[in-house]
Structure formats: structure tokens, C-alpha cells
Protein chains: 2
Amino acid sequence: MITRNLSTEQLDLWVVDDNVAFAKNLAELINQTEGLQCGGIFHSCEEVLHDLEAESPPDVILMDIGFPGMNGIEGVKRVKMVAPAVQVIMLTVFEDNDNIFRAITAGASGYLHKSATLDEIINALKAILVGGVPMNPHIARKMLEIFKHLSTTTSDYGITAREKEVLQLLVDGLSKKQIADKLFVSFHTIDTHLRNIYAKLQVNSRSGAIVKVLKEHLL
Amino acid sequence: MITRNLSTEQLDLWVVDDNVAFAKNLAELINQTEGLQCGGIFHSCEEVLHDLEAESPPDVILMDIGFPGMNGIEGVKRVKMVAPAVQVIMLTVFEDNDNIFRAITAGASGYLHKSATLDEIINALKAILVGGVPMNPHIARKMLEIFKHLSTTTSDYGITAREKEVLQLLVDGLSKKQIADKLFVSFHTIDTHLRNIYAKLQVNSRSGAIVKVLKEHLL
DNA sequence: AACACTATCCCGCACTTACGTGATTCTCAC
DNA sequence: GTGAGAATCACGTAAGTGCGGGATAGTGTT
């Protein structure tokens with residue numbers, strides 16, 4: 001539940017960053033901007049969580065990721081647990097897919113690089129509060145990248161249909177004997193199939209095969 | 001590279017749908033709209049690919065997913081291979097995460113439900129061409145859902161730090177003996193650790209443990 | 001001081017796996 | 001129609017696995 005918005009009142013922001021100078025600097029910039037107001041500066045996630053329970057929550061929290069102790073990702077999760085209505089924007093130097101992915105899934109609404117200008121930050125705020133679209137173009141692109149990366153099936157190692165059946169049952173945890181019974185063939189047949197599968201996947205154990213199948217989304 | 005835009009010229013659209021009546025209807029609606037022009041109607045992906053090589057590509061292709069033969073997902077991939085600059089919007093009755101996910105990863109720029117009004121379609125076009133954001137709010141939300149779903153870590157089954165070490169090496173494909181050597185403990189210790197791990201994960205084989213670890217993103 | 005938890009170590013047995021080395025059909029392409 | 005894959009079946013063995021029993025020692029809680 002957002003009780004204020006950009007057009008009617010001051011927008012209340014909290015800044016969380018262990019770098020004291022940076023946080024203070026950002027807070028000043030915010031306070032110098034019309035319509036924005038920095039209602040709190042914090043230097044750890046624990047402080048924020050403590051205050052969130054005592055005071056009324058802000059509209060938006062700008063949060064660093066690279067904390068000692070509880071990191072920003074964990075921080076977002078906890079914040080969203082205590083105050084689900086608060087929009088959290090990650091503010092960080094990390095721009096790798098993994099961090100963005102984790103931040104988004106933890107409940108972050110946006111993700112800005114620390115070099116972002118105040119204009120960019122305000123634009124992100126508008127996008128999040130007014131438009132209701134919980135991401136900015138930059139993250140959107142990153143997310144697409146991650147998506148594409150997640151679905152690079154490409155090679156199927158020339159696994160035949162029958163071998164795929166066997167492989168599926170292998171992943172389901174069945175022993176050779178159980179697979180044989182299920183497919184109405186002999187133990188030896190499954191044994192041979194598995195040898196061929198192992199050769200094609202270039203592994204030498206059922207564990208290796210399972211890992212390869214799950215990690216590369218075969219089947 | 002987009003050579004035209006909404007403000008200066010006609011925007012050239014192609015419609016691809018095996019439902020002849022629907023495609024024709026949509027094409028007419030498009031042609032009745034100022035600034036839009038339907039440059040081609042196709043009833044299969046093959047037709048589109050053929051024409052793409054002969055003619056200059058359109059600005060946007062509106063494509064159905066549920067084709068007999070080559071489906072829309074495969075179609076998008078091929079289209080983007082031949083003409084990467086073309087923006088493809090999927091137009092479909094399927095709204096499940098799996099289809100959206102696959103369409104996006106195949107290179108689709110947008111995803112609209114077939115019940116979408118022409119207004120909605122035009123809005124999507126604007127978002128894609130002008131804003132450069134390769135998705136609309138609706139898809140954005142869906143993508144967030146998929147992301148969240150992909151990363152449901154939740155339970156860690158009370159695995160201890162030491163057990164995690166063992167588990168990691170297990171997933172790496174090492175035997176009990178190899179794990180023991182690597183951690184400078186005896187075979188029996190690893191054996192016991194694995195028993196405890198199996199109990200916690202509620203499995204009874206290394207295969208089961210590996211599957212659980214990889215599928216639920218433990219570790 | 002008693003208790004729970006973790007990590008470590010040990011024995012033995014039935015079972016499963018990985019692999020070497022064969023074989024017989026069947027289909028499909030050249 | 002010959003040959004290459006695919007799918008099926010077979011024997012044997014060394015190594016590895018899962019689990020039934022144990023045990024000891026340290027750490028931290030209450």
C-alpha cells in the first residue's frame with residue numbers, strides 16, 4: 001500500500017549503504033530535489049529492519065548490495081517480509097547477471113548502478129511508482145540475457161529416443177533392474193543403453209550423467 | 001536497426017496466422033489505423049521465411065504460436081536468424097509461463113493475448129519501437145513470476161556446513177573414497193555424512209541426492 | 001551436570017554399478 | 001544387398017554403494 005505519490009506529496013526515501021560518505025552525499029542530493037525527501041540513512045541491513053518495525057515504512061528504500069554481514073540480497077528478503085509495500089531499489093557496483101538475478105528474485109523492484117545520476121534514479125522511481133512496471137529498461141535487457149542464457153540447450157549429444165526414456169528413469173532414481181522392469185526388457189539391455197549414454201555424454205557414472213542432464217537441460 | 005518509426009512514416013507490419021479469417025480481420029484493422037500498414041499476410045512460418053529472403057523485411061511481425069508443422073517458437077528463431085532487426089510480437093491464446101518463456105528466449109520482443117484490442121497492440125508496438133524496452137508490462141510481470149519460481153530456495157533441510165562440503169563433492173562426481181581423501185578424513189566418516197544427508201533430504205541414493213540438490217538449487 | 005548436536009571413526013554384508021567382451025535382430029540409407 | 005546404427009540379450013568381475021549395527025570426542029545449551 002503506497003500512501004504517497006510523486007504528484008501530491010513528498011516521496012520518502014531511505015538510504016542504506018555502509019559507505020558513510022556515499023550515503024550522506026546521496027541523501028543530500030535527494031533532499032535538494034523537489035518532491036523527494038530522505039527520511040533515514042542507515043549503514044547496515046540490521047538497522048533498517050529494526051527501524052522498519054518501529055516507524056512507518058518509507059515509500060522506497062535505496063539499498064547497497066555489498067555489505068559486510070547480512071548482504072543486500074538477504075536484506076531485501078527481510079525488508080519485504082516486514083513491509084511488503086516498500087519498493088526496494090538495489091544500488092550497487094556489481095552488474096553481473098548473478099547478482100541482478102538474485103536481487104530481483106529476492107524482491108527488489110529495481111537495480112541501478114552506483115554511477116547512476118540522480119536523474120536516472122528519479123526516472124527509475126517514476127517507472128516503479130507511477131508506471132507500476134517493476135523494472136527499468138536496463139534490468140529488462142539483463143533479464144532477457146539471463147533468460148537466453150538459461151535456455152541454451154543446443155547440443156543433445158545424439159541421444160536416441162529410447163536412450164532418453166532410460167535417461168529419464170535414471171534421473172527419476174531407478175536402478176538398472178527397475179528401469180529394465182519398467183520398460184519390459186532385460187537388465188542387460190539397460191546396462192548396454194547406459195554404457196552408450198555414458199559414452200555420448202562423456203561421463204562414467206550415473207551421477208555424472210544426472211548432473212549433465214540437469215545442468216544442461218537435456219530431456 | 002529500425003529505419004522507420006511511428007512519427008515519420010507508415011509502420012510496416014506482417015501478420016502470420018494459420019487462421020485465415022483472423023489474419024485477414026487483423027490486417028484490415030491495421031490498415032484502417034493511421035500510421036500502420038499491413039504489408040503481408042501469411043499462414044505458415046515457412047511462407048514468411050521464404051518472403052523474408054526475397055523482400056525487404058517489415059518493421060514488425062505479429063505471429064501466432066499454435067501452428068501445425070513448424071510452430072511459432074521455432075519460427076521466431078528462424079526469422080531472427082534471417083532478419084535480426086525485425087521485431088516479432090507473439091500473438092496467441094496460450095498464456096502459460098512455459099510458452100512465454102520459450103517465446104522470449106527464442107527472440108520474441110513481445111507477447112500479446114489474442115483477445116488484445118488493436119489499441120493494446122499499438123501500445124505494445126510503441127513500447128517496443130519507441131521506448132526500446134523489449135517487453136511490455138504484462139510480460140515483465142510474467143517474467144518476474146518465472147524468475148521467482150525458478151529460485152525457490154526456501155528449505156535447506158538443515159544441512160550442516162560440513163555436509164554441504166561433502167554434498168558438493170558428491171555432485172562433482174567423486175566416490176566416497178575420493179571425497180574422504182580430499183577432506184582428509186576416513187571413508188567411514190564420509191559414509192556416515194552421506195547417510196545423514198540422505199536422511200535429511202529424504203532420499204536413499206546418491207542419485208536422488210544429486211537430483212534434489214540440482215533441482216532445488218541447494219548448495 | 002546433563003543433553004543434544006556435530007563430526008569423526010569402525011565392521012560386515014547384500015546389493016548395485018561400471019566395464020571388458022561378446023552376440024542377434026531390425027531398419028534404413030546408399 | 002551391404003553396411004551402419006539402433007535395440008536387444010548375455011556372462012563375469014572388481015569396485016563401489018547403502019545400511020544394519022556400533023563407538024568416541026568436542027561444542028554449545030539449558
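Every heavy atom of this structure was used, including side-chain atoms; hydrogens, water molecules and symmetry mates were not. Quick note on labels: first sequence line is chain A, next is B, and so on, each numbered from 1.
Using a 4.0 Å heavy-atom cutoff across all strands shown, Lys176(A) reaches at least one base atom of the nucleic acid. Heavy atoms of Asn196(A) sit nowhere under 4.0 angstrom from any nucleic acid atom.
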(request) In sequence, state the C-alpha distance, the side-chain angles, and the governing distance for Tyr198(B) and Asn204(B), and then conclude on side chain to side chain contact (heavy atoms under 4.5 Å, CB included). (result) CA-CA 6 Å; Tyr198(B) 291 177; Asn204(B) 60 353; 5.6 Å; no

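Between Thr189(B) and the phosphate of dT8(C), there is no side-chain N or O to OP1/OP2 separation shorter than 4.0 Å. Distances shorter than 4.0 Å separate some side-chain N or O of His193(A) from OP1 or OP2 on dT8(D). In this model, the phosphate group of dT17(C) is approached by a side-chain N or O of Arg206(A) to a distance below 4.0 Å at OP1 or OP2. The side chain of Ser175(A) contributes no N or O atom lying less than 4.0 Å from OP1 or OP2 of dC15(C).
His188(B) has its NE2 atom 5 Å from the C1' atom of dC10(C), to the nearest Å. Separating the CD1 atom of Ile190(B) from the P atom of dC19(D) is a distance of 17 Å, rounded to the nearest angstrom. Taking atom CG of Leu174(B) as the reference point, atom P of dA18(C) lies 15 Å away to the nearest angstrom. Atom pair Asp181(B):CG and dG16(D):P shows a separation of 11 Å (rounding to whole Å applied). The distance from atom CD of Gln178(A) to atom P of dG18(D) is 13 Å, rounded to the nearest whole Å. Protein atom CD1 of Ile197(B) is 11 Å distant from nucleotide atom P of dG18(D), rounded to whole Å. One interatomic measurement links the two molecules: CD1 of Ile210(B) to P of dT17(D), which rounds to 10 Å at whole-angstrom precision. Here dT13(D) presents its C1' atom at 12 Å from CZ of Phe187(A), a figure rounded to the nearest Å.
Closest approach to the Arg162(A) side chain among dT8(D), dT6(C), dC19(D) is made by dT8(D) (side chain taken as heavy atoms from C-beta onward). In the set dT6(C), dA10(D), dT8(C), dA10(D) carries the atom at the smallest distance from any side-chain atom of Arg195(A). Picking from dC10(C), dA7(C), dT8(C) the nucleotide with the shortest atom distance to the side chain of Ser186(B) gives dC10(C).
Sequence order on DNA chain C of the closest nucleotides to Asp191(A) and Phe184(B) puts Phe184(B) first from the 5' end. Projected onto DNA chain D by closest heavy-atom contact, Tyr198(B) and Thr192(B) fall at different nucleotides, the more 5' of which corresponds to Tyr198(B).
Side-chain atoms of Asp12(B) do not come within 3.5 Å of backbone N or O of Asp59(B) as any donor-acceptor pair. Side-chain atoms of Lys212(B) come within 3.5 Å of backbone atoms of Leu201(B) as a donor-acceptor pair (strictly under, hydrogens ignored). A donor-acceptor pair under 3.5 Å links the side-chain atoms of Lys200(A) to the main chain of Gly158(A), judged by distance alone.
Each of Leu62(A), Asp17(A), Asp64(A), Val15(A) was checked for a side chain to side chain contact (heavy atoms under 4.5 Å, CB included) with Leu91(A), and the lone residue meeting it is Leu62(A).
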